[in-house]
Amino acid sequence: MSRRVLSLLSGAVLAASAALAVAAPAQAAVIEQGQGPMNTGEYCAAKVSYGSELGFYEYGSLRCYATDRTGRLVYKGSGDPVAACRYSHPTKVVVGAKEGLPGHYLICLIQE
């Protein structure tokens with residue numbers, strides 16, 4: 001009799017777990033979208049410093065630069081990398097940002 005009860009219980013457990021697997025929503029994938037220095041420069045010009053042209057992910061933040069008359073980079077201020085991703089992808093769900101190497105470009109983590 002105990003074998004019959006065990007087999008009924010195991011069958012019920014399998015049926016319940018199958019029902020949960022079907023009912024549970026699928027996890028959304030996170031994709032990585034690279035942002036070049038000029039794309040992030042648009043955010044820099046709009047939100048950090050008007051004269052900014054380029055943005056690089058450095059030292060844990062988005063650092064904004066402009067070029068002077070000789071072509072050298074001049075630091076203009078820092079911004080939030082996640083905010084820069086949200087600025088560039090206004091209709092997407094941005095879940096984070098990280099640094100792309102080499103080149104210190106910004107990688108936006110977007111939920112699909």
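The analysis underlying the following values was restricted to heavy atoms, covering all of them including side chains, and did not include hydrogens, waters or symmetry mates.
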* Asked: Ser52 and Cys64: which non-hydrogen atoms are nearest, and at how many Å?
  -> OG-CB, 3.6 Å
* To do: Would you indicate whether the side-chain heavy atoms of Val94 and Val82 approach each other to under 4.5 Å?
  => yes
* Asked: Relative to Tyr75, does Arg63 satisfy both conditions: NZ or CZ under 6.0 angstrom from the six-membered ring centre, and within 45 degrees of the ring's axis?
  -> yes
* Between Ala97 and Pro81, what is the shortest heavy-atom contact and its length? -> CB-CB, 3.9 Å
* To do: Taking all heavy atoms of Tyr57 and all of Leu62, pick out the closest pair and write down the distance.
  => N-CD1, 4.2 Å
* Side-chain contact test, heavy atoms from C-beta onward, threshold under 4.5 Å: evaluate it for Glu53 versus Lys76 and give yes or no. => no
* **Side-chain heavy-atom pair Val74, Thr67 within 4.5 angstrom cut-off** => no
* Heavy-atom side-chain contact between Phe56 and Tyr65 under 4.5 Å -> yes
* Establish whether Val93 and Leu106 are linked, either directly or via other cluster members, by ILVMFWY side-chain heavy-atom contacts under 4.5 Å. => no
* In chain order, what residues pass the salt bridge (charged side-chain N to carboxylate O under 4.0 Å, His left out) check against Arg72, with sequence neighbours excluded? -> Asp68
* Asked: What pair of heavy atoms forms the shortest contact from Ala28 to Gln111, and how long is it?
  -> CB-NE2, 3.3 Å
Please output the side-chain donor-acceptor pairs of residues 35-49 that fall under 3.5 Å, not counting sequence neighbours, one pair per line with the distance.
{"unit_1": "Gln35", "atom_1": "OE1", "unit_2": "His89", "atom_2": "NE2", "d": "3.1"}
{"unit_1": "Gln35", "atom_1": "NE2", "unit_2": "Ser88", "atom_2": "OG", "d": "3.0"}
{"unit_1": "Thr40", "atom_1": "OG1", "unit_2": "Gly36", "atom_2": "O", "d": "3.2"}
{"unit_1": "Thr40", "atom_1": "OG1", "unit_2": "Pro37", "atom_2": "O", "d": "3.1"}
{"unit_1": "Thr40", "atom_1": "OG1", "unit_2": "Gly55", "atom_2": "N", "d": "3.4"}
{"unit_1": "Thr40", "atom_1": "OG1", "unit_2": "Gly55", "atom_2": "O", "d": "2.7"}

* Asked: Can you find a heavy atom in the side chain of Val30 that is under 4.5 Å from one in the side chain of Val95?
  -> yes
* To do: Taking atom types as modelled, find out whether Glu99 and Tyr59 have a side-chain donor-acceptor pair closer than 3.5 angstrom.
  => no
* **Test item: Gln33 and Lys92 side chains (from C-beta on) under 4.5 Å apart, heavy atoms** => no
* **Atom pair CG/SG of Leu109 and Cys85 - distance to nearest 0.5 Å** => 7.5 Å
